[in-house]
Asks: 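If you scroll down you'll find the structure; I have some questions about it.
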Amino acid sequence: MEALEYRISDEWSESRWSAVERIYEQAFPLDGKKSLDIVRRMFEKRMCQLHTIAQGSEIVGMALTGIDQQVGALLIDYKAIREDLRGSGYGQLLLDRIKKWTSTVANCKGIIVEVEAEPSEENSRRIHFWETNGFHLTAYVHQYIWVPEPYHAMYLNFEESNRLPDDGKLLFRSITQFHEKAYRRSNGEREHK
């Protein structure tokens, strides 16, 4: 595998987003993603980061994250690898770079991600990916009012002595606050997907 370039940005860039948009659209079709306007506003609010890995000049993976300073956690909102390269190790490589950045530069205790809780082969594979990478699945099942599918929270601690809560309900407070802030317009109204 050719050397990979990892980049992270917390500023909106039309050209940078254009380079990852196809990956984002393939991985999160229909209602499974935030609109371009919402993503752009997230950057304007200084509440997210775009992580990318590229092989040569071509971006092969992306993640959109946010930091909950109160809890000391990075929230992975979206993580995707180009469709034709899934299963070839790029997801692990991107996550490894995100982990390193999160623990050293962002100075967080750990990482939180939400995964769909409905029993399916695809959801089991996703949970297995996160567990293989050190994440723990919580028992609590969260049901949003604005999407039909239920979710679990998963978490990863960097140090046993400085841990994130292992209670899914508490973790969803961070996740829900992040989503609510992302969907909130400047006038305080909530935008729907």
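Worth knowing before you read on, the calculation uses all heavy atoms, side chains too, and leaves out hydrogens, waters and symmetry mates. Computed from a predicted model, the values in this text were never measured in an experiment.
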Asks: Are there over 12 heavy-atom neighbours, none belonging to Arg16, within less than 6.0 Å of that residue's CZ?
Replies: yes

Asks: So does Arg173 get a backbone contact from the side chain of Thr176, meaning a donor-acceptor N/O pair under 3.5 Å?
Replies: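 Checked: no pair found.
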
Asks: Main chain of Ile8, side chain of His51: is a donor-acceptor contact present, judged purely on distance under 3.5 Å?
Replies: no

Asks: Are any side-chain N or O atoms of Thr138 and backbone N or O atoms of Ala153, one a donor and one an acceptor, separated by less than 3.5 Å?
Replies: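 Pair found, side chain donor or acceptor close to backbone of Ala153.
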
Asks: Main chain of Glu118, side chain of Asn123: is a donor-acceptor contact present, judged purely on distance under 3.5 Å?
Replies: yes

Asks: Counting distance only, does the side-chain N/O of Asn157 pair as donor-acceptor with the main-chain N or O of Leu164 below 3.5 Å?
Replies: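 Yes, Asn157 side chain to Leu164 backbone: donor-acceptor pair under 3.5 Å.
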
Asks: Ignoring hydrogens and geometry, is there a side-chain-to-backbone donor-acceptor pair from His152 to Glu114 under 3.5 Å?
Replies: no

Asks: For Leu64 and Lys34, run side-chain contact (heavy atoms from CB on, under 4.5 Å): C-alpha distance rounded to whole Å, both residues' side-chain angles, the deciding distance at 0.1 Å, then the answer.
Replies: CA-CA 11 Å; Leu64 197 59; Lys34 291 178 172 74; 5.5 Å; no

Asks: Check the surroundings of atom CD in Glu14: do more than 12 heavy atoms from other residues, nucleotides or ligands lie under 6.0 Å from it?
Replies: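 Counting neighbours around CD of Glu14, more than 12 heavy atoms of other residues, nucleotides or ligands fall under 6.0 Å, so yes.
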
Asks: Going by the angle between their ring planes, with limits at 30° and 60°, are Phe172 and His142 parallel, tilted or perpendicular?
Replies: parallel

Asks: Quick check: do Trp101 and Leu74 have side-chain heavy atoms less than 4.5 Å from each other?
Replies: yes

Asks: Could you tell me whether the side chain of Arg82 and the main chain of Ile59 form a donor-acceptor pair under 3.5 Å?
Replies: no

Asks: Could you tell me whether Glu44 and Arg40 have a side-chain N and a carboxylate O separated by less than 4.0 Å?
Replies: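 No, this pair does not count.
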
Asks: Spell out, yes or no, whether Tyr144 and Ile38 are grouped together once hydrophobic residues are joined by side-chain heavy atoms under 4.5 Å, including indirect joins.
Replies: yes

Asks: Within the side chain of Arg86, is there an N or O that forms a donor-acceptor pair under 3.5 Å with the backbone of Ile81?
Replies: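 Looks like yes, one N/O pair under 3.5 Å.
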
Asks: Would a single hydrophobic cluster contain both Ile127 and Ile76, if residues Ile, Leu, Val, Met, Phe, Trp and Tyr are joined by side-chain heavy-atom contacts under 4.5 Å?
Replies: yes

Asks: Under the 3.5 angstrom rule, does the side chain of Lys79 hit a backbone N or O of Val113 as a donor-acceptor pair?
Replies: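 Looks like no, no N/O pair under 3.5 Å.
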
Asks: State whether Arg22 and Glu83 are salt-bridged, where the test is any N-O pair (Lys NZ or Arg NE/NH1/NH2 against Asp/Glu carboxylate O) under 4.0 Å.
Replies: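 Salt bridge between Arg22 and Glu83, a charged N being under 4.0 Å from a carboxylate O: no.
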
Asks: Around atom CD of Gln143, are there more than 12 heavy atoms from other residues, nucleotides or ligands closer than 6.0 Å?
Replies: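 Counting neighbours around CD of Gln143, more than 12 heavy atoms of other residues, nucleotides or ligands fall under 6.0 Å, so yes.
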
Asks: Treating Lys45 as the side-chain partner and Arg184 as the backbone partner, does any N or O pair qualify as donor plus acceptor under 3.5 Å?
Replies: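 Yes, the answer is positive, given that a donor and an acceptor are paired below the 3.5 Å cut-off.
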
